[in-house]
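Note that the coordinates shown come from a computational prediction; the quantities given were computed from them, not determined experimentally. Every heavy atom of this structure was used, including side-chain atoms; hydrogens, water molecules and symmetry mates were not.
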Amino acid sequence: MTPAIIASVETMLKRWKGKEGKEIEVYQEFRLLTSEVISRTAFGSNYLEGEKIFAMLNKLSIIMGRNLFNTKIPLISKLWKPADLLESERLANEIQDCVMKIVKKREDRVVNGEADSFGNDFLGLLVNAYHDLDDKNRLSMEDLVDECKTFYFAGQETVNSLLAWIVLLLATHGDWQDKARREVIDIFGNRNPDSEGISKLKTITMIIYETLRLYGPSNGLQRRVTRKVQLGKLVLPANIDILVQNIALHHDPHQWGDDVHLFKPERFEEGIAKATNYNVAAFFPFGLGPRSCVGMSFAITETKVALSMILQLYTITLSPAYVHSPMPILAIRPQHGIQVILESLHNNA
């Protein structure tokens, strides 16, 4: 998938030409980039085709974020629906219609003889499962739509936030920006990143891990207790939902030291295990166990490619207009965006 990621980053960098020395709001820029990447790699399309879905999923996530801990009263919920619930139902129905239109385009290509299969990307695999002749393996329409929503949102939002926070931290820590750029130039020169070189980016990896610790894409993991269990002095009954706040563990001074709130990528110089003193539950930005994020490697690779290609061309400084205000809406987002100023490393760029 690396060539598709590179092509998407090149599209973004073309938009940036001529903007040297001017303020750029990178959170929205990376939203376009990551939307393009997930559209190309998972759905074989481009951002414009999924633009409406992305916009509706973003609205849905904001509604969900502000209602996450609201308690429903069963009888009243049946008699009266609040505005947010009505809006979320409308958005869900519209998203389903949009996804099914994309699915129908795949189906029509096969029916019309334009293609001999539904494709081998993520959407193609889902459509194959949707048409499986075995009832036990067949994917329902509801599941197909839910899987598409998850990939569209999770595949875009997590890397979007991660890239934006990395750029902020490199803009405010010029020494680490210089170290990262030297590594990129040493490995790739002026060439586009390749798989072999990506695996050698040690400094970039350290920066990514430290950013995930400080501003991880998720501030908590929701889990359901399936049976009564005791955790220390705490007894958890079956069938309750719990929120494991990894953001608290990632900012625990007992684990990370008194400088826990400082950006210090050198923590990870000898890997995650050494950084956490071999405590597996001290650092889990992508979850733990069998339900850890299936897209972790993809997200890390996409971040390394984008960051490498940016550092090959630009130095990054923070704009005076920036206001620091991280905000949890499923992912940790910059409430007012992240404004930076890019300066070209090449006069003819």
Side-chain angles (χ1 to χ4, degrees), residues 1-2 5 30 34 154-155 157-170 172-173 175-184 186-187 193-223 231 242-308 311 326 328 330-332:
M1 293 181 177
T2 304
I5 296 172
F30 292 143
T34 53
E157 179 66 28
T158 51
V159 184
N160 181 185
S161 298
L162 175 57
L163 274 170
W165 292 121
I166 289 175
V167 165
L168 168 71
L169 290 167
L170 291 184
T172 53
H173 296 81
D175 54 338
W176 280 101
Q177 183 180 158
D178 291 340
K179 288 177 187 176
R181 184 177 294 103
R182 280 198 299 271
E183 179 178 71
V184 168
D186 286 347
I187 293 174
D194 55 63
S195 299
E196 184 182 351
I198 289 169
S199 65
K200 297 176 181 176
L201 291 170
K202 181 180 177 181
T203 301
I204 295 282
T205 301
M206 290 158 54
I207 289 167
I208 290 172
Y209 287 162
E210 180 69 343
T211 306
L212 285 169
R213 186 187 70 79
L214 290 170
Y215 301 102
S218 169
N219 65 337
L221 300 170
Q222 195 167 353
R223 292 290 182 263
L231 294 177
I242 60 171
L243 186 67
V244 183
Q245 294 218 284
N246 53 354
I247 193 170
L249 293 165
H250 293 172
H251 291 77
D252 183 359
H254 297 293
Q255 175 65 46
W256 300 97
D258 293 337
D259 57 0
V260 64
H261 299 304
L262 300 181
F263 176 68
K264 298 184 71 174
E266 62 266 32
R267 298 178 206 275
F268 293 96
E269 192 165 5
E270 297 180 60
I272 293 174
K274 194 72 182 290
T276 58
N277 198 24
Y278 303 95
N279 181 351
V280 70
F283 180 70
F284 55 103
F286 292 96
L288 276 176
R291 289 190 174 274
S292 61
C293 177
V294 70
M296 177 178 69
S297 295
F298 178 81
I300 296 293
T301 299
E302 184 181 350
T303 302
K304 287 181 177 179
V305 169
L307 198 55
S308 296
L311 289 172
L330 298 187
I332 305 296

Taken to the nearest 0.5 Å, the spacing of Ile207 CD1 from Glu266 CD works out to 10.5 Å

Go through Val184 and Ser308 one step at a time and tell me if the side-chain contact (heavy atoms from CB on, under 4.5 Å) criterion holds.
-> CA-CA 6 Å; Val184 168; Ser308 296; 3.7 Å; yes

Do any N or O atoms from the side chain of Asn277 and from the backbone of Asn279 form a donor-acceptor pair under 3.5 angstrom?
-> no

Contact check, side chains of Leu214 and His251, non-hydrogen atoms, under 4.5 Å = yes

Closest heavy-atom contact between Ala281 and Leu288?
-> CA-CD1, 4.1 Å

Given the options Thr303, Thr158, Leu162, Leu212 meets side-chain contact (heavy atoms from CB on, under 4.5 Å) only with Leu162

Charged N to carboxylate O under 4.0 angstrom, Glu183 versus Lys179?
-> no

All heavy atoms of Lys304 vs all of Ile208, minimum pair found to be CG-CD1, 3.7 Å

Over 60° means perpendicular and under 30° means parallel, so classify the ring planes of Phe263 and His173, tilted if in between.
-> tilted

Once you round to the nearest 0.5 Å, how far does CE of Met206 lie from NZ of Lys264?
-> 11.5 Å

Ser292 side chain vs Gly289 backbone, donor-acceptor pair below 3.5 Å = yes

What's the shortest heavy-atom distance between Leu249 and Phe284, and which atoms?
-> CD1-CE2, 3.4 Å

Specify the closest pair of heavy atoms between Thr301 and Thr2, including all atoms of both residues, with the distance to one decimal.
-> CG2-OG1, 4.2 Å

Closest heavy-atom pair and its distance - Val305, Pro193 | O-CG, 4.1 Å

Around Asp175, counting heavy atoms of other residues, nucleotides and ligands shown, do more than 12 lie under 6.0 Å from its CG?
-> yes

Can you see which heavy atom on Leu221 is nearest to which on Gly287, and at what distance?
-> CD1-CA, 3.6 Å

Check whether any side-chain N or O of Arg213 sits under 3.5 Å from a backbone N or O of Pro265 as a donor-acceptor pair, and report yes or no.
-> no

Is there a side-chain contact between His250 and Gln255, using heavy atoms and a 4.5 Å cut-off?
-> no

Side-chain heavy atoms of Val260 within contact of Pro253, under 4.5 Å | yes

Hey, could you give me the CD1/CG distance between Ile300 and Leu201, rounded to the nearest 0.5 Å?
-> 11.5 Å

Exam field: side chain Glu302 to backbone Ile5, donor-acceptor pair closer than 3.5 Å = no

In Å and rounded to the nearest 0.5 Å, what is the CD1 to CD1 distance from Ile204 to Ile187?
-> 8.5 Å

Answer yes or no: is there a donor N or O on one side and an acceptor on the other, between the side chain of Arg267 and the main chain of Ala275, under 3.5 Å?
-> no

Output, in order, the C-alpha distance, side-chain angles, deciding distance and verdict of side-chain contact (heavy atoms from CB on, under 4.5 Å) for Trp176 and Thr203.
-> CA-CA 9 Å; Trp176 280 101; Thr203 301; 3.9 Å; yes

Fit a plane to each ring of Phe283 and Tyr209, take the angle between them on a 0 to 90° scale, and name the class: parallel (under 30°), tilted (30 to 60°) or perpendicular (over 60°).
-> perpendicular

Side-chain heavy-atom pair Tyr215, Ile166 within 4.5 angstrom cut-off = no

